[in-house]
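Starting off with a structure, shown below.
Every heavy atom of this structure was used, including side-chain atoms; hydrogens, water molecules and symmetry mates were not. First the proteins, then the strands, lettered A, B, ... as listed; each starts at 1. Given the structure is predicted, the values throughout are model-derived calculations rather than measurements.
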Amino acid sequence: MPELPEVETVRRGLFRLVVGKQIESVRTIDSPKSFPNDLASVEQFMIGATITDVRRRAKVLLIDLSTEYTLVIHLKMTGQLVFIGHQPKPSETASRRASVEYASADTRAADVSSDVADDLPELRFGAGHPNDSLIGELPDRSTRVEITFSDKSHLFFNDQRKFGWIKLFPTLEVPNIDFMQRVGPEPLEDSFTSTEFIPRIRRRQNTTIKAAILDQTVLAGVGNIYADESLWGAKIHPATRVRDVTDEQLALLLKEIKYVMNLSIEKGGSTDRNYVNAEGKRGSYIDFARVFRQEGQPCPRCGRVIEKTRVAGRGTHICPTCQVIQ
DNA sequence: CACTTGACCTGTCCGC
DNA sequence: TGCGGACAGGTCAAGT
């Protein structure tokens, strides 16, 4: 679900909200897959620890603790991190429902960047959870982990499909994790240019260009949304074989990947449904999507109706006029 | 090695 | 209204 822009948006929000907080307790529910560490190490290295940093690599979140341990978190398809802050009015403690401001991916960037957001005592952060638009108390049936801080605020890890996970590693070992070893460069780094991108993607000459940019070992962070969006931007049909794509097209494709991801971060990522937070703000990257989930709508460039098909085993959106297989 | 497909899960939506 | 099947933004482990 969450791709790089969504994870980055969550990172920014969490950084602002949880750095400096001290962990008081950790509760796991249905944990074998969602949080496979044994309870003893969790107790030893989490309880009493203070959060020192929130980082991101590819689609993985890294929450550093003062114990020199790090929570490594992959949200996969339906994972969600929800922060519920301390209720400032002691009288309203009957229900958390009443104390929560809901900020979806639609509005998160605005919340992070606006001065108003600093005045909000509570925020909910998540990404892509199908229940984003449902107001409910937490924990709910998708909650896998609940972290309670010493100020009684909470961080919930919800994950409907249980694909996501949290794992606790010594901070120094994080770079040695298999995923970290294999994952490709960060596409938004200024230093990542077509000089590096082109040879990396050409390792996958025989597959489709969409499969190639979804390959996390080629470059980090592209998922189905931004694959379709960037390919449309570069006027490349997703099913085109890499060998049939010119270097000029690849250079343009990288430019489009950077563009759509930066735009999405600016918009606070995407969610799969409309959502309005407590301030009535909305507007997400999905509102700016040119092809993703736009089947039946006119192509913003040429007016031809956008079609949905299947490439690399994934739902794929194209403009049949702008994007032709080479 | 490169590439494709199915599996992991739960929930929702769509057609009958 | 119920039921079966397809599908969902990600990655792995298998298979060819």
Quiz item: Reading DNA chain C 5' to 3', what string of ( ), [ ], | and . shows its pairs, if Watson-Crick and G-U wobble pairs count only when both distances fall under 3.5 Å?
Solution: .|||||||.|||||||
Quiz item: Does the ring of F163(A) meet both stacking tests against the six-membered base ring of dC8(B): centre distance under 5.5 Å and plane angle under 30°?
Solution: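 A stacking contact exists, since F163(A) sits close and nearly parallel to the base ring of dC8(B).
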Quiz prompt | Distance, nearest 0.5 Å, that separates CG of L254(A) from CD of E196(A) | solution = 9.5 Å
Quiz item: Given atom CZ of R314(A) and atom C1' of dT5(B), what is their separation to the nearest angstrom?
Solution: 13 Å
Quiz item: Are the charged groups of D159(A) and R144(A) less than 4.0 angstrom apart, N to O?
Solution: no
Exercise. Kindly say if K162(A) contacts the phosphate of dT10(B), meaning a side-chain N or O under 4.0 Å from OP1 or OP2.
Key: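 True: K162(A) side-chain N/O within range (under 4.0 Å) of dT10(B) OP1/OP2.
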Quiz item: For R161(A) and dC7(C), what is the distance between atoms CZ and P respectively, to the nearest whole Å?
Solution: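 Nearest whole value for this atom pair: 13 Å.
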Practice problem: Check whether any side-chain N or O of H74(A) sits under 4.0 Å from OP1 or OP2 of dT11(C), and answer yes or no. | Solution: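 For dT11(C), OP1/OP2 do have a side-chain N/O of H74(A) under 4.0 Å.
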Practice problem: Tell me which of N224(A) and R182(A) sits closer to the 5' end of DNA chain C, going by the nucleotide each one is nearest to. | Solution: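 Its nearest nucleotide being more 5', the pick is N224(A).
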Quiz item: Between F192(A) and R200(A), is any pair of side-chain heavy atoms under 4.5 Å apart?
Solution: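 The answer is yes; the side chains approach within 4.5 Å.
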Quiz prompt | Gap between atoms CG and C1', on L61(A) and dT11(C) respectively (whole Å) | solution = 16 Å
Practice problem: Assign G315(A) to base, sugar-phosphate, or nothing according to its heavy-atom contacts below 4.0 angstrom with the strands shown. | Solution: sugar-phosphate
Practice problem: Look at the side chain of T207(A) and decide which nucleotide, out of dC3(B), dC9(B), dA8(C), has an atom nearest to it. | Solution: dC3(B)
Practice problem: Counting heavy atoms from C-beta on, name the nucleotide in dT4(B), dA8(C), dG10(C) closest to the side chain of R241(A). | Solution: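 Among the listed nucleotides, the one closest to the side chain of R241(A) is dT4(B).
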Practice problem: Report yes if at least one side-chain N or O of R204(A) is closer than 4.0 Å to OP1 or OP2 of dC3(B); otherwise report no. | Solution: yes
Quiz prompt | Distance (rounded to the nearest 0.5 Å) between I166(A) CD1 and L155(A) CG | solution = 7.5 Å
Exercise. Please determine, for the side chain of R310(A), which listed nucleotide (dG10(C), dT4(B), dA8(C)) has the closest atom?
Key: dA8(C)
Quiz item: Can a side chain N or O of K59(A) be found less than 4.0 Å away from OP1 or OP2 on dT11(C)?
Solution: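 For K59(A), the contact criterion (side-chain N or O under 4.0 Å from OP1 or OP2 of dT11(C)) is met.
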Quiz item: Which nucleotide in the list dG10(C), dG11(B), dC3(B) gets nearest to the side chain of N206(A)?
Solution: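 Nucleotide nearest to N206(A)'s side chain: dC3(B).
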Quiz prompt | Rounded distance (Å) that lies between atom P of dG10(C) and atom CG of L219(A) | solution =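 Answer to the nearest Å: 13 Å.
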Quiz item: Of the nucleotides dG10(C), dT11(C), dT4(B), which one has an atom closest to the side chain of Q216(A)?
Solution: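 For Q216(A), the side-chain atoms sit closest to dT11(C).
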Quiz item: Which is true for F179(A) with a 4.0 Å heavy-atom rule: it touches a base, it touches only sugar-phosphate, or it touches nothing?
Solution: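 Result for F179(A) = sugar-phosphate.
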Quiz prompt | Atom-to-atom span, NZ of K308(A) to P of dC14(B) - whole angstrom | solution = 12 Å
Quiz item: Quick one: is dC9(B) close enough that its OP1 or OP2 comes under 4.0 Å of any side-chain N or O from K33(A)?
Solution: yes
Exercise. Give a yes or no on whether a salt bridge exists between R314(A) and D228(A), defined as a side-chain N under 4.0 angstrom from a carboxylate O.
Key: no
Self-check item: Note: E3(A)-K59(A) ion pair, threshold 4.0 Å (strictly below)
Solution: no
Quiz item: With rounding to whole Å, what would you report as the distance between dC9(B) and dC3(C) at their P atoms?
Solution: 24 Å
Quiz item: For I209(A) and dC3(B), what is the distance between atoms CD1 and P respectively, to the nearest whole Å?
Solution: 12 Å
Quiz prompt | R55(A) and D64(A) ion-paired at < 4.0 Å | solution =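 Yes, R55(A) and D64(A) are salt-bridged.
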Quiz item: In whole angstrom, what separates D159(A)'s CG from dA8(C)'s C1'?
Solution: 13 Å
Practice problem: Tell me what G313(A) touches on the nucleic acid: a base, only sugar-phosphate, or nothing, going by heavy atoms under 4.0 Å. | Solution: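 The answer is nothing, as G313(A) stays clear of every strand by at least 4.0 Å.
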Quiz item: Expressed in angstrom and rounded to an integer, what is the separation of L75(A) atom CG from dA8(C) atom C1'?
Solution: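 Interatomic distance, CG of L75(A) to C1' of dA8(C): 16 Å.
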Quiz item: Nearest 0.5 Å, what's the CE-CG distance between M46(A) and L65(A)?
Solution: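 It is 6.0 Å, given to the nearest 0.5 Å.
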Exercise. Would you please say whether a donor-acceptor pair under 3.5 Å links the side chains of H317(A) and E307(A)?
Key: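 There is no such pair between these side chains.
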